[in-house]
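What follows is a set of notes on a single structure, which appears directly below.
These values consider heavy atoms only, across backbone and side chains, with no hydrogens, waters or symmetry-generated copies.
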Amino acid sequence: MPDYERWQAGEIGWKLQLPEELQELETPQTRTWLQALVPEWVETDGVMKDNLHRLEAAVPRRGRDGASGAAWLDEEDWLVAIGWRQDRTPMRTCLQLVEPEPSLGLGWRLRLVLQDRLSPDVLRTVTADGEPVPGELPLPAAWQPELPRVRRSADKILRILPWLDARSGAGGPAGAGAGADAAGEPAAARTGGALAVAPSASGGGSATAPPQPVSGSAGPETGEAPPAPAEGGRSARELPRELAEDAAWRFLSEGSVRLVEAGIPVFLPAWWERVSKLKPKLRARIKSSVGVPRQSLFGLRELMQFDWKLAVGDLELTEDEFRQLLEEKRRLVEIRGNWIQLDPAFMAQVEKIMKQVQKKQGLSLRDVLELHLAGEAGGLLPGEDDPDAQRHLEMEVELNEQLTHMIDQLTQTAAIPPIEPPDSFRGSLRHYQVDGISWLLFLRRFGLGGCLADDMGLGKTIQWITYLLSVKEHEQPDAPALLICPTSVLGNWQMELKRFAPSLRVHLHYGPQRLKGEDFREAAKDADLVLTSYTLSHLDEAELGSLAWNSICLDEAQNIKNAYTKQASAIRRLNGYHRIALTGTPIENRLTELWSIFDFANPGYLGTIREFTHRYVNAIERTRDPETIRKVQRLIQPFLLRRVKKDPAIQLDLPEKNEFKTFVSLTAEQGSLYENYIQDMFDRLEKLSMMERRGLILAALTKLKQVCNHPALLLKEGPGAPWAGRSNKLERLLEMVQELRQEGDKCLIFTQFVETGLLLQRVLQEELGEPVLFLNGSTSKTGRDEMIARFQDAALPPEEQRSVFLLSLKAGGIGLNLTAANHVFHFDRWWNPAVENQATDRAFRIGQTRHVQVHKLVTLGTLEERIDEMIERKMGLSQQIVGNGENWITELSTDELRELFTLRREWVDA
């Protein structure tokens with residue numbers, strides 16, 4: 001038979017059931033054999049297997065105090081509960097909680113009820129001694145021999161729930177046994193049968209299934225030892241006749257569960273199962289007349305007036321009713337014929353929120369958005385000293401018509417009316433770019449920042465330039481805009497602004513000659529746009545912080561992904577009406593990077609970084625909780641616009657091949673080497689013969705291109721030379737390749753020089769953490785074929801595939817089919833555009849299924865920029881001459897060569 005003592009210890013065990021004369025045969029050895037053999041026997045015996053399952057299901061569940069309701073079962077009751085023995089008694093003892101009846105002056109009452117096992121509808125209310133209460137029908141004769149069990153059940157109830165002691169004052173007024181009440185009327189008669197055996201709503205339901213526990217209930221049982229029975233077997237304690245409201249709440253939410261676990265059936269009010277599952281929600285109803293966003297400046301901090309509501313299921317309490325409940329601190333209350341439960345922890349949080357909002361004098365648009373999008377009010381709760389304090393509270397907001405329309409447009413970009421590009425814009429826009437500009441201007445109208453996170457190559461730059469022109473045309477702001485970008489793309493921005501928005505007055509705040517103090521402020525006020533770098537955003541915080549900017553834009557906004565850096569902190573402190581972040585990678589590694597970008601765009605919207613980490617980051621990064629992920633998605637969606645090249649709607653609108661130029665500046669080291677080399681060349685030039693002169697000029701072209709690529713190439717420092725921070729071109733290439741690799745794309749990188757290719761191969765392999773191919777003139781036919789296969793063959797195992805392919809322009813420019821790539825980089829420029837196009841066509845050819853992005857890197861202020869200008873403008877030369885290579889340069893006069901080679905110092909880093 002099952003071992004009761006081992007079960008109490010939380011184990012499954014067996015013992016022998018022997019006649020008294022054979023008990024001496026049970027030895028430690030036989031017990032050991034028994035524990036080993038019975039499990040095998042159980043597996044082959046169906047009845048025993050069923051018993052084992054009952055045993056496993058009945059192992060005591062222990063609370064935080066170590067106590068267990070089931071542990072109060074004695075061995076006899078336990079054997080019945082697990083089905084080992086059959087209970088042949090004709091009735092069972094139950095406990096009933098009866099709800100208040102204010103019209104009769106009755107509160108919460110407890111009753112002992114006997115229920116017929118064969119006819120569950122037959123119920124009799126009795127005292128703890130098994131006597132019928134006054135007015136109750138006589139007990140059936142078959143029950144009489146078993147009535148002493150009622151006292152045992154009453155004692156067991158008090159051992160399980162020691163706080164239910166009439167003499168302790170915890171339950172309510174002390175009195176006689178729990179059966180009789182003031183009216184002396186039987187329960188079933190007065191309640192009209194509206195009793196339920198939990199959790200069923202009918203008397204015929206299972207009397208042993210526990211009701212659902214309510215969260216936020218009172219603390220665990222005390223675990224105190226039960227007192228010894230008084231003389232004559234009478235308990236020294238009594239069940240209370242009435243319960244105070246707190247005790248009734250405790251009985252409903254936790255006591256009834258403990259009793260059912262111990263095998264004691266419990267009758268609860270029929271409404272309890274429904275009410276226990278209903279969680280109250282705080283609701284704020286925005287008033288239509290105040291705080292309505294208009295076609296004007298608005299902002300996340302704009303306050304709105306509202307009415308408080310408390311909703312419990314279909315019941316909605318007015319603010320007056322709600323505040324009365326807060327003052328009374330009641331847990332169970334009947335309102336307009338409906339019972340509701342109010343969790344004290346919930347009510348305490350509600351009270352905190354109401355005080356916090358009262359202090360703020362209303363709800364801000366930020367609050368309303370969080371409530372509407374995330375469905376919780378954690379951001380409304382006051383900040384605690386402990387950042388890990390639980391700050392979750394479900395709350396709803398009822399929007400007025402105007403706010404509903406505005407939020408619909410925020411969450412559905414297609415609902416925003418498209419703008420007409422300004423006349424001052426010099427270029428053409430695709431439909432999705434018009435949508436992006438319209439979205440930025442829509443956010444600006446309400447003072448809301450945004451993050452434009454389109455894929456690389458979809459034109460974030462051109463969208464922001466058009467936005468800037470629209471603001472100037474329609475608002476004529478009296479303050480300039482500020483653009484902060486990486487040093488490596490400063491030149492690119494200046495060239496794009498000249499190309500698409502020549503009417504904009506641009507002030508470049510960069511380099512050793514940059515303006516300071518009042519000179520800077522005066523120059524900035526005369527400009528439409530101030531252009532500067534991330535590095536200077538911190539170093540020159542005094543200058544940049546002295547103006548209230550019309551708008552602030554961060555290009556490559558992932559540069560502030562670390563919220564704790566001085567640079568990121570300085571940028572967030574800048575004063576600007578409208579804030580925009582541009583990035584193709586809003587999240588690179590951690591979710592906190594998204595917080596940093598959003599806290600720039602809309603300060604405070606996602607709370608502090610500690611609050612954001614506690615409420616969202618931990619749950620997402622540790623458990624990937626889908627509901628938390630959805631909440632963050634809903635919160636950021638209105639302020640983040642991301643389109644990807646794989647989107648059919650985007651791809652259908654793109655041309656087959658996109659070409660982009662990326663302009664970069666020289667570092668100080670590159671500028672010094674460049675100038676020294678030119679000076680030395682011109683010192684020697686006039687002393688040479690015509691043939692020597694031509695040779696020197698051609699050599700200078702090679703050397704100056706190498707300087708533009710990386711100073712280590714000119715200085716012949718070898719393959720292991722330090723590379724970081726010495727070439728903006730290399731840094732920018734690395735950034736772009738890292739971004740496209742995160743998107744799963746492949747690329748080709750062309751260079752004219754083997755030394756450059758070897759340097760790029762080393763750097764890319766180190767930084768990307770993956771092998772990089774390099775094909776040049778020394779690559780064998782076998783090696784060449786293997787490289788192509790590793791790059792092209794998608795059927796190869798992932799570890800054998802390659803995604804970045806470096807090629808020398810001459811060795812890799814013709815005769816290859818590399819359609820696995822959808823990005824092509826020209827790291828250094830060739831005079832003949834046809835040669836570059838031939839190289840590009842390694843990827844852009846029959847078999848290519850994706851649109852190809854072509855990136856040409858140009859170093860500003862140098863020979864490379866002049867080459868680019870000659871190709872674009874042809875400078876009076878015919879296409880044929882420019883296309884013949886570099887020899888024509890050797891025929892230029894010395895003055896023409898100076899014009900071609902001289903370095904423009906404004907593009908050299910400080």
Counting distance only, does the side-chain N/O of [X] pair as donor-acceptor with the main-chain N or O of [Y] below 3.5 Å?
X      : Y      : value
Arg109 : Glu99  : yes
Arg151 : Gly130 : no
Thr89  : Met91  : yes
Ser253 : Trp249 : yes
Glu136 : Thr125 : yes

Check: Between Ile160 and Ile264, does a side-chain contact (heavy atoms from CB on, under 4.5 Å) hold up when you go through it step by step?
Finding: CA-CA 10 Å; Ile160 297 169; Ile264 299 174; 4.1 Å; yes

Indicate the atoms forming the closest heavy-atom contact of [X] with [Y], along with that distance.
X      : Y      : answer
Phe251 : Trp163 : N-CH2, 3.7 Å
Gln115 : Pro120 : NE2-O, 3.1 Å
Ala128 : Glu238 : CB-OE1, 4.4 Å
Leu139 : Pro132 : CG-CG, 3.6 Å
Pro269 : Leu97  : CD-O, 3.5 Å

Next item on the list: Taking side-chain hydrogen bond (donor to acceptor under 3.5 Å, both in side chains) as the test, write out the residues that go with Gln17, two or more places apart.
Entry: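 side-chain hydrogen bond (donor to acceptor under 3.5 Å, both in side chains) list for Gln17, sorted by chain: empty.
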
Checklist line | Contacts of type side-chain hydrogen bond (donor to acceptor under 3.5 Å, both in side chains), residue Arg31, not counting sequence neighbours | finding: none

Item checked: side-chain contact (heavy atoms from CB on, under 4.5 Å) against Asp3, all qualifying residues, sequence neighbours excluded ->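 Expected list: Glu5, Arg6, Lys15.
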
Note to self: Could you check whether any side-chain heavy atom of Pro90 comes within less than 4.5 Å of a side-chain heavy atom of Asp116, counting everything from C-beta outward?
What the structure shows: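 The answer is no, as the side chains (C-beta and beyond) never meet within the 4.5 Å cut-off.
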
Check: Do Leu95 and Leu110 touch side chain to side chain, with heavy atoms closer than 4.5 Å?
Finding: yes

Item checked: Qualifying ring-ring contact (aromatic ring centres under 6.0 Å, His included) pairs with a residue from residues 101-132, counting only residues at least two apart or across chains -> Trp108-Trp339

Checklist line | Pairwise ring-ring contact (aromatic ring centres under 6.0 Å, His included) hits with a residue in residues 116-161, at least two apart | finding: none

Note to self: The criterion is salt bridge (charged side-chain N to carboxylate O under 4.0 Å, His left out); which residues satisfy it with Glu245, sequence neighbours excluded?
What the structure shows: Arg330

Margin query: Using a strict threshold of under 4.0 Å (side-chain N to carboxylate O), is an ion pair present between Asp246 and Arg250?
Written below: no

Next item on the list: In sequence, state the C-alpha distance, the side-chain angles, and the governing distance for Leu158 and Leu164, and then conclude on side-chain contact (heavy atoms from CB on, under 4.5 Å).
Entry: CA-CA 6 Å; Leu158 284 170; Leu164 266 186; 4.2 Å; yes

